[in-house]
Amino acid sequence: MTSPLLSAKSLSRFYGPQLAVKQLDFEIYKGEVLGFLGPNGAGKSTSMKMLSGNLAPNEGEITINGYDLLSQPKQAKAHIGYLPEQPPLYKDLSVTEFLSFCARINNIPSLNRKSAVDTAIERCGLGNVRKRLIHYLSRGYQQRVGIAQAIIHTPAVVILDEPTSGLDPIQIREIRQLIKDIAQEHSVILSTHILPEVQMLCDRVKIINQGSLVFNDTTDALQQQMQSSHILLTLGSPPDIATLEQLPGVTSIDAISNTHFKIHYQPDHNPTQIILESTVSHGWQLTALTPGQHSLEDVFMDIIQQETDQTKE
Amino acid sequence: MFTLARHELYRLFLSPLAWLILALSQLILAYLFLTHIDYFMQIQGKISAIPGAPGVTELIALPLFNNAATILLLLTPLITMRLIAEERRNDSFPLLLSAPLSVTQIVLGKYLGTLAFFLILIGLITCMPLALSVGATLDLMAIGSAIFGLFLLVASFTAIGLFLSALTKQPTIAAISTFSLLFLSWIIDWTGNTGESTLFSWLSLLSHFQPILQGDLHTKDIAYYGINVGFFLTLTIRCINTQRLS
């Protein structure tokens, strides 16, 4: 395997006695989208801040494209683009002015500056607001300016901290599309607490809880975890729950309402066929039969739960 | 670094604050300037007979620069308060911190940008006495020395303001603390003058300005301002670095 573009080894960070991030390892390879998941307060933003050089870690080291972030900050920072939770904007500037300032502080030579600004504007779909003051743009557009700022110097790694928080659904969709486009050319680290976002965008997932890593695998592996062992059943004239429970393979039944049941079964004994036959022969009037799927939220909670149990033991 | 300085200056002029400060300081100083001229006209007849009597430069230009120093003391906090505190408040500071810039460059860039603004202000003030050269002979060396002194003074004010702005997230707090510190460094001179100790007098920013204003350029005064600026800029850099660590 090629060496990672960005790697961090055993990062730790304290806020006073409070532990924010504990022994976190991080690596991202070329052309990859890494999802960084965690509930609020798990240490996502702290990690992002450390990776982007805004916050110095108490322990550990960060290497970006071969440069150590702590000893060669300038070279290392040239290879990252960072969008914090709050987009860092000078709201009294127009979009073009702001981006050309960003181009300047990122040492883009004056010859390429204009084209760099134009490219960033075009890629982020800011064409028709380029002369407007950032202050008067909507939240979604401000977020785009924030993203444009992060990619203007074509960094190897783009770090986005909750890029879709606080946007309306349409804007969220647009920003996600934009992130997909960006991922074509840059490696992206995306922190979020919205799980479907990770499913849609990321190749690999890291889940962090209370400062430590609890899951680190591909998105497919996360999907595997979502395989579930229950069926959702709706019947027109249902029998007693006891009758249903006696069907082979069924372990337990939750009655969601009078006619709506959640049937749990042993993993290797899927009772779908038996249920189907029974409903027909007993005239239970089947209206809906859905194979259950864990939502990512459940998996998320499971993983975190497991981790907490382990630490207790 | 110069990019930042330019950016800082440009943004200053985007806000009405900079224009307002330029306009109002001109207004106040112009008024004072005119009273000085009036006064000079009154006593001109009496002193013209005395050999070696003070002339236009001593009676109009130098008092004007003295007044300008006081007014700048009041104005500097208003300009410097936003330097870093406002960046923090608007969450725009990460932009600079994650750019390939060292903290030293960020601090110096902001400092130079603000200083450039004050140079413009001093330039405008200088126009007033220079306008007198149409009808009178001016001691240009004395005026040059006064300008230089004023510049050193403002350079120190700005460094102090920048440091206090780096300490807080609230521009207002930065402004008030800068103002208090500058004011203290001004009035501390009074105790220095009455008491035995010259320490307080030595500490005072304005007491080092007086000799330069009179045309007495001493290395010790220049060094005093130099050390002042260096000290507060270093503190600012240290301070921002520590905030990244804690």
Side-chain angles (χ1 to χ4, degrees), chain A residues 13-16 45 48-58 64 67 69-70 72-94 97-108 110 113 133-135 145-146 149-150 152-153 155 158-159 161, chain B residues 1-20 79 81-114 117 165-166 169 171 237-246:
Chain A
R13 174 75 208 189
F14 300 86
Y15 289 117
S45 290
M48 301 280 118
K49 279 182 193 159
M50 287 196 285
L51 293 178
S52 64
N54 272 266
L55 206 64
N58 291 111
I64 297 164
Y67 296 107
L69 183 63
L70 301 173
Q72 297 164 292
K74 275 194 201 176
Q75 290 93 328
K77 281 178 185 173
H79 294 287
I80 46 172
Y82 173 51
L83 173 69
E85 236 172 315
Q86 290 293 324
L89 306 169
Y90 293 113
K91 299 194 171 171
D92 42 6
L93 297 183
S94 76
E97 279 172 342
F98 174 70
L99 288 178
S100 77
F101 168 69
C102 294
R104 253 188 233 121
I105 56 171
N106 280 301
N107 299 327
I108 298 178
S110 53
R113 205 174 292 145
L133 289 186
I134 295 174
H135 186 77
V145 179
Q149 163 274 122
I152 192 159
H153 51 299
V158 181
I159 301 172
D161 196 354
Chain B
M1 188 168 93
F2 291 106
T3 309
L4 250 181
R6 227 183 80 184
H7 170 74
E8 204 53 50
L9 187 63
Y10 177 69
R11 284 190 57 222
L12 253 176
F13 280 104
L14 283 180
S15 70
L17 184 72
W19 296 105
L20 200 71
I79 295 285
M81 68 175 183
R82 34 183 299 293
L83 282 175
I84 292 174
E86 201 177 61
E87 296 253 5
R88 285 236 176 76
R89 204 176 150 98
N90 292 343
D91 296 309
S92 56
F93 210 41
L95 181 72
L96 301 180
L97 286 181
S98 49
L101 291 170
S102 64
V103 175
T104 316
Q105 280 175 315
I106 296 177
V107 170
L108 282 182
K110 286 190 162 288
Y111 180 68
L112 292 178
T114 318
F117 170 76
S165 177
K169 221 177 169 177
I237 295 167
R238 301 278 312 185
C239 171
I240 293 176
N241 267 327
T242 335
Q243 278 160 355
R244 277 174 60 205
L245 280 167
S246 66

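In what follows, every chain begins at residue 1, and chains take the letters A, B, ... in the order their sequences are listed.
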Please flag which part of [X] lies under 4.5 Å from any non-hydrogen atom of chain B: side chain, backbone, both or neither.
{"X": "Pro73(A)", "answer": "neither"}
{"X": "Ile105(A)", "answer": "both"}
{"X": "Asp92(A)", "answer": "both"}
{"X": "Gln149(A)", "answer": "side chain"}

Engaged part of Glu86(B) at the chain A interface, taking heavy atoms whose separation is under 4.5 Å: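 Interface part for Glu86(B): neither.
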
Flag the one option from Lys49(A), Lys91(A), Glu97(A), His153(A) with the top tally of heavy-atom pairs under 4.5 Å to chain B.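 Counting heavy-atom pairs under 4.5 Å, the top option is Glu97(A).
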
Sort by residue number and list every member of residues 92-101 of chain B having a non-hydrogen atom under 4.5 Å from chain A.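 Listed by number: Ser92(B), Pro94(B), Leu95(B), Leu96(B), Leu97(B), Ser98(B), Ala99(B), Pro100(B), Leu101(B).
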
Name, in order of residue number, those residues of residues 5-15 of chain B that have a heavy atom at a distance of less than 4.5 Å from a heavy atom in chain A; otherwise write 'none'.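 Arg6(B), His7(B), Tyr10(B), Arg11(B), Leu14(B) fall under the 4.5 Å cut-off.
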
Using the side chain to side chain contact (heavy atoms under 4.5 Å, CB included) criterion, which residues pair with Gln86(A)? Sequence neighbours excluded.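 For Gln86(A) the side chain to side chain contact (heavy atoms under 4.5 Å, CB included) partners, ignoring immediate neighbours, are Asp91(B).
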
Output all residues satisfying side-chain hydrogen bond (donor to acceptor under 3.5 Å, both in side chains) with Arg104(A), sequence neighbours left out; order by chain, then residue number.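 Scan of Arg104(A) (side-chain hydrogen bond (donor to acceptor under 3.5 Å, both in side chains), adjacent residues dropped) gives none.
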
